[in-house]
Amino acid sequence: MTTVRRFLPVLLAWAVVAALVLSAWDPRDRTTWFLETVWVLVGLPLIVFTWRRFPLTDLLCCLLAVHALVLIVGGHYTYAQVPLGDWVRDTFGLDRNPYDRFGHLMQGFVPAVLVRELLSRTSPLRGSRWLAPLTVCACLAFSAVFEMLEWAAAVIGGQAADAFLATQGDVWDTQWDMFCALIGATVSVLTLSRLHDRQLDAPRVTSSYSADASTGALRTSTPGTRPRLR
């Protein structure tokens with residue numbers, strides 16, 4: 001079990017790379033594929049290059065890998081045409097392919113753990129009552145920024161950006177997207193915080209606190225000695 005956990009980040013990284021390569025083979029819209037997967041293309045190398053200094057918890061690694069796969073699938077098919085979403089729409093008599101809604105739920109659910117981990121490890125917020133609401137607010141802010149990026153893509157790309165927007169004729173799509181991200185972030189904080197806190201105390205993670213303490217960063221070797229905001 002320990003061996004599996006030791007190599008888990010490597011296995012997840014290779015799985016994401018394999019999925020990314022497969023998705024690049026004949027996507028339905030090349031521009032949409034790039035716009036949807038650019039977060040993976042940038043994020044994965046960033047995690048690899050900073051791993052020694054800032055290793056992530058197993059929980060966050062798994063969630064980031066799942067989120068990457070959601071983005072990759074959406075990029076390959078475009079969100080409005082993902083076959084699984086079509087099946088859900090037809091089976092339950094929905095008005096639209098719901099894969100886009102699921103993607104925005106994930107846009108809140110996964111970044112909530114990422115934001116929580118960054119704040120817990122680089123600020124005095126660990127154990128503070130402000131950690132949960134600030135985490136949710138950060139995720140909602142990111143969702144709003146993403147919607148503005150979609151708006152910019154629509155203005156620049158015109159009709160060519162329709163596949164990226166995936167509005168499917170819904171005039172309230174932007175509001176629904178941000179609401180889904182808000183729900184995802186809230187559920188994530190409510191359900192995963194205790195598990196996340198236990199993993200933040202793992203030796204692999206806490207050792208990075210000690211390493212950075214010598215540089216003067218606001219981190220300590222144990223969570224109990226860290227300044228906290230109430």
Do the side chains of L94 and L105 join up, straight or via other hydrophobic residues, at under 4.5 Å, putting them in one cluster?
yes

Taking the inter-plane angle between the rings of F146 and H104 on a 0 to 90° scale, is it parallel (under 30°), tilted (30 to 60°) or perpendicular (over 60°)?
perpendicular

Identify whether the distance between the nearest side-chain nitrogen and carboxylate oxygen of R89 and D86 falls below 4.0 Å.
yes

Which pair of non-hydrogen atoms, one from P98 and one from G85, has the smallest distance, and what is that distance?
CD-O, 3.2 Å

D177 vs R101 side-chain heavy atoms within contact, under 4.5 Å
yes

Taking all non-hydrogen atoms of both residues, which atom of G103 and which atom of V70 are closest, and how far apart?
CA-CG1, 4.1 Å

Measuring only between side-chain heavy atoms, which start at C-beta, is W87 closer than 4.5 Å to N97?
no

Ring centers of F102, W176 separated by less than 6.0 Å
no

Given F142 and W39, is the ring-ring contact (aromatic ring centres under 6.0 Å, His included) satisfied, shown in steps?
CA-CA 13 Å; F142 172 77; W39 307 99; 5.7 Å; yes

Side chains of L131 and V189, heavy atoms from C-beta outward: is any pair under 4.5 Å?
no

Between V48 and P45, is there a side-chain heavy-atom distance shorter than 4.5 Å?
no

Do V187 and L140 share a hydrophobic cluster (ILVMFWY, side-chain heavy atoms under 4.5 Å, transitive)?
no

Kindly say whether L60 contributes a backbone atom to a donor-acceptor pair with the side chain of T57 at under 3.5 angstrom?
yes

Ignoring hydrogens and geometry, is there a side-chain-to-backbone donor-acceptor pair from T91 to V88 under 3.5 Å?
no

Cluster link L64 to W51, ILVMFWY, side chain under 4.5 Å
yes

Are side-chain heavy atoms of R96 and D173 found at a separation under 4.5 Å?
yes

Report yes if the side chains of H67 and P111 come closer than 4.5 Å at any heavy-atom pair, otherwise no.
yes

Sub-3.5 Å donor-acceptor pair from the side chain of E36 to the main-chain atoms of H76, do we have one?
no

Is there a path of hydrophobic side-chain contacts, each under 4.5 Å between heavy atoms, that joins W25 and F34?
no

Parallel, tilted or perpendicular, judged at 30° and 60°: which one describes the rings of Y79 and Y99?
tilted

For F109, look at atom CZ and say whether over 12 heavy atoms of other residues, nucleotides or ligands are found less than 6.0 Å away.
yes

For residues L182 and T186, determine if any side-chain heavy atom of one lies less than 4.5 Å from a side-chain heavy atom of the other.
yes

Any heavy-atom pair between the side chains of L63 and L192 that's under 4.5 Å?
yes

Do any N or O atoms from the side chain of R126 and from the backbone of D197 form a donor-acceptor pair under 3.5 angstrom?
yes

Closest heavy-atom pair, G75 versus P27, reported as atoms and distance to 0.1 Å, is O-CB, 4.4 Å

Is M178 linked to W151 within one hydrophobic cluster, defined over Ile, Leu, Val, Met, Phe, Trp and Tyr using a side-chain heavy-atom separation of less than 4.5 Å?
no

Side chains of R116 and H196: is there a donor and an acceptor less than 3.5 Å apart?
yes

Any donor-acceptor pair under 3.5 Å linking the side-chain atoms of T78 with those of Q81?
yes

